[in-house]
**Q** 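Quick one: this structure, given as structure tokens, is what I'll be asking you about.
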Amino acid sequence: MYIASLVGYTNTMPKKTPAKLKKNRYLCKHHINYRHIMLTLKILREQTAEVLERLAVKGLDAKEIINKILQFDDARKALQTQLDNNLAEQNVTAKNIGALMQQGKKEEAEAAKQRTAALKEQSKVLEQQLAETEKQVNDTLVLLPNLPSKLVPAGKTSADNVVVREGGAVPALHDALPHWDLAKKYDIIDFDLGVKLTGAGFPVYKGKGAKLQRALISFFLDRNTNAGYTEVQPPLMVNEASGFGTGQLPDKEGQMYHVGIDNFYLIPTAEVPVTNIYRDVILNPADFPIKLTAYTPCFRREAGSYGKDVRGLNRLHQFDKVEIVQFQLPENSYAALDAMVTHVESIVNELELPYRILRLCGGDMSFTSALTYDFEVFSAAQQRWLEVSSVSNFESFQANRLKLRYRDENKKTQLAHTLNGSSLALPRIVAALLENNQTPEGIRIPKALQPYTGFDVIS
RNA sequence: GGAGAGAUGGCCGAGUGGUCGAAGGCGCACGCCUGGAAAGUGUGUAAACUCCAAAAGGGUUUCGUGGGUUCGAAUCCCACUCUCUCCGCCA
């Protein structure tokens, strides 16, 4: 079943806005694009118990907040009706004035003018109240995350995630080096040089290390296009509207690099530009499914990260990733999610890496996701699992923000479903490849990758 | 960076204060015509909010965005954004 998303255009703006761009682009006037919020409110209203139950999976007691939202919305509707009636009378009266003037009925026209003046005064007040009430509805509504699908296990932390599949074999290594040592030993990744050029988290790949990057990108893209994904090369910077569409703005502003002078954001993932290709679009059912793949560098500020999590390639400010994105009819989105998981799994298998697939619990899932599968590969030298892919169904949560719709058989517009996943993210794949495949003779390159690297060992 | 032009429905394009949600064309949908098709022809063809149990129907809003003038704005005024052309710079 398909649950409409919960967030529409909000009144919240990023805190720091260049003076030049002060104007609030996200302000929702009462007359525009409100339908999706209403859809959601309808569900909040009619399926309150169900919604509460779903959100409880995320450890969220939303009873109070939903009551508040519905209350605000009642007030909003009442005001809307009043205002509409007011404006209707204004319109009729104004039209009459024209006729009266022509007929020379000056006095009556004068009276009508006074009437409209009074109505106008009232409308102004109503409009203001309506705007305030809408803001209350929105400000409260944006606090609600997407509803977890029924498959999502309850839980608070990653400890509650469920392993749904495992594969590959963990190699038995003696005196295994972590990848940052291997990188130095074979001179393939220079972290210090990156610090000199830019700062921590911006490594420089060299020689076979650089070639390995290029090989992996090509390998991933080829596997994806073979599976029916169309390759796209999107911009690496996006505007505010795109950031809002996929849910990075306004809340996660601090995670993105901001190019102040032009008010652009460096993409944290290809998901942002690629998904936004279909922002403000109304599709036909026959257009589905739409499957896109893109390689892009990704830029993340990762403020607040520290310790062993950020060592070496484990967490970077700039890294390469190949993404897959799908746009689906609601009834097909979960089958598509499964297919995406199977697809990513086949690639990990080709790389001969030990992996496991996790179904994320409510507490560990992102704000926007309805169901997420994480892929982790085992890093033999670090003796830990590294997340290399996250495959999610957002149902209509993003589509709502994007205003991505399709026309159903009754010609009504409905929200589409969006999905995406990494296929795959490079750095931790590289880390695992280096660590798991280290031998006294060098680092072995998996068979599937050799046509792309042109070498079978890094020594 | 300098100078100029522009922004109207899926697309093209008309429209300088009321009869404009917006002519005309293209496209699309359905019908007629046809053995079938083309041509021809007829009808229809935006989104969102709201009222109504629902349908039907009604109301409101939207002509880049925001504000202003006016009883009344696509049309007049102001600001902003974006696009295009020319010049400059340049991978």
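Reminder, nothing fancy here: chain letters follow the sequence lines and each chain counts from 1.
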**Q** Between A:Thr246 and A:Glu271, do the side chains contain an N or O donor and an N or O acceptor separated by less than 3.5 Å?
**A**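 Distance-only check fails for A:Thr246 and A:Glu271.
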**Q** Provide the Watson-Crick or G-U wobble partner of B:rA22, both distances under 3.5 Å; none if there is no partner.
**A** none
**Q** Could you please name the option among B:rU61, B:rA47, B:rG72 that lies closest to any side-chain atom of A:Ile282?
**A**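 The answer is B:rA47.
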**Q** Under a 3.5 Å limit for both distances, which nucleotide forms a Watson-Crick or G-U wobble pair with B:rC86, could you say?
**A**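 Across all strands, the one nucleotide that pairs with B:rC86 is B:rG2.
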**Q** Rounding to a whole Å, what distance do you find between A:Gln80:CD and B:rU62:P?
**A**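 Value for this atom pair: 13 Å.
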**Q** May I ask which nucleotide in the shown strands pairs with B:rC80, Watson-Crick or G-U wobble, both distances under 3.5 Å?
**A**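 The base-pairing partner of B:rC80, which may sit in any strand shown, is B:rG64.
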**Q** Checking base pairs now: Watson-Crick or wobble, both atom distances under 3.5 Å. What partners B:rG17?
**A** none
**Q** How would you label the contact of A:Ala88 with the nucleic acid (heavy atoms, under 4.0 Å): base, sugar-phosphate, or nothing?
**A**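 Here A:Ala88 touches the backbone only, sparing every base.
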**Q** Between the side chains of A:Ser390 and A:Asp374, does any donor sit under 3.5 Å from an acceptor?
**A**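 Looking only at side-chain atoms, A:Asp374 and A:Ser390 do form a donor-acceptor pair, the distance falling under 3.5 Å.
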**Q** Out of B:rA55, B:rC71, B:rU60, which has the shortest distance to the side chain of A:Ile97?
**A**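 Looking only at heavy atoms from C-beta outward on A:Ile97, the closest nucleotide is B:rC71.
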**Q** A:Leu87 CG to B:rC71 P: how many Å, rounded?
**A**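 These atoms are roughly 17 Å apart.
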**Q** Going by atom types alone, do A:Thr275 and A:Gln398 pair a side-chain donor with an acceptor below 3.5 Å?
**A** no
**Q** Work out how far the C1' atom of B:rG4 is from that of B:rU8, and round it to whole angstrom.
**A**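 Looking at atom C1' only, B:rG4 and B:rU8 are 22 Å apart.
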**Q** How far, in whole Å, is B:rG9 from B:rC20 if one measures between their C1' atoms?
**A** 13 Å
**Q** Distance check needed: B:rG72 P versus A:Arg115 CZ, whole Å only.
**A** 14 Å
**Q** Go ahead and name the base partner of B:rA29; Watson-Crick or wobble counts if both distances stay under 3.5 Å, otherwise write none.
**A** B:rU43
**Q** Take atom P in B:rC52 and the same atom in B:rU41, then report the distance between them in whole Å.
**A** 46 Å
**Q** A:Tyr278 has an atom OH; how far is it from atom P of B:rG10, in whole Å?
**A**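 Atom-to-atom, A:Tyr278 to B:rG10, this comes out as 17 Å.
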**Q** Take atom CD of A:Glu134 and atom C1' of B:rU61, then tell me their distance rounded to the nearest Å.
**A**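 To the nearest whole Å, that distance equals 12 Å.
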**Q** State which of B:rA47, B:rU50, B:rU61 makes the closest approach to the side chain of A:Thr81.
**A**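 For A:Thr81, the side-chain atoms sit closest to B:rU50.
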**Q** Can you work out whether A:Ala78 or A:Ala94 has the more 5'-proximal nearest nucleotide on RNA chain B?
**A**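 Whichever sits nearer the 5' end wins; that is A:Ala94.
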**Q** I want to confirm an ordering. Mapping A:Thr116 and A:Val92 to their closest nucleotides on RNA chain B, which one lands closer to the 5' end?
**A** A:Val92
**Q** Should B:rA73 form a Watson-Crick or G-U wobble pair with both distances under 3.5 Å, which nucleotide is its partner?
**A** none
**Q** Side-chain N or O of A:Arg407 less than 4.0 angstrom from OP1 or OP2 on B:rA47?
**A**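 True: A:Arg407 side-chain N/O within range (under 4.0 Å) of B:rA47 OP1/OP2.
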**Q** Whom does B:rA38 pair with, Watson-Crick or G-U wobble, provided both distances fall under 3.5 Å?
**A**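 WC or wobble partner does not exist here.
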**Q** Using distance alone, with no hydrogens and no angle criterion, decide if A:Asp320 and A:Gln213 have a side-chain donor and acceptor under 3.5 Å apart.
**A** yes
**Q** Could you work out the separation of B:rG27 and B:rC82 based on their P atoms and round it to a whole Å?
**A**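 To the nearest whole Å, 35 Å.
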**Q** Go through B:rC71, B:rU50, B:rA47 for me and flag the one nearest to the A:Thr413 side chain.
**A**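 Nearest listed nucleotide: B:rA47.
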**Q** Would you measure the distance from the C1' atom in B:rU16 across to the matching atom in B:rA74 and give it in whole Å?
**A**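 Roughly 10 Å separates the two C1' atoms.
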**Q** Determine the interatomic distance between C1' on B:rG17 and the same-named atom on B:rC89; round to the nearest Å.
**A**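 Approximately 46 Å lies between the C1' atom of B:rG17 and that of B:rC89.
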**Q** For the residue pair A:Ser242 and A:Asn276, what are the closest heavy atoms and their distance?
**A**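 Taking A:Ser242 first and A:Asn276 second, the nearest heavy atoms are O-ND2, 2.8 Å.
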**Q** Side-chain N or O of A:Lys113 versus OP1/OP2 of B:rU70: is the shortest distance under 4.0 Å?
**A** no
**Q** How far, in whole Å, is B:rA73 from B:rG21 if one measures between their P atoms?
**A** 11 Å
**Q** Taking only side-chain nitrogens and oxygens of A:Asn91, does any of them come within less than 4.0 Å of OP1 or OP2 of B:rU61?
**A** yes
**Q** Can you list every pair that meets ring-ring contact (aromatic ring centres under 6.0 Å, His included) and has a residue in residues 185-205 of chain A, with sequence neighbours left out?
**A** A:Phe202-A:His317
**Q** Rounded to whole angstroms, how far apart are CG on A:Leu119 and C1' on B:rC71?
**A**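 Atom-to-atom, A:Leu119 to B:rC71, this comes out as 11 Å.
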**Q** Taking atom P of B:rC51 as reference, at what distance in whole Å does atom CG of A:Leu83 sit?
**A** 13 Å
**Q** If the C1' atom of B:rG67 is compared with that of B:rG57, how far apart are they to the nearest Å?
**A**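 That atom pair is separated by 36 Å.
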**Q** Applying ring pair (Phe, Tyr, Trp, His ring centres under 6.0 Å), name anything that partners A:Tyr229, two or more places apart in sequence or on another chain.
**A** A:His343
**Q** Just the rounded figure in Å: distance from P of B:rG59 to CG of A:Leu130.
**A**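 Result: 20 Å.
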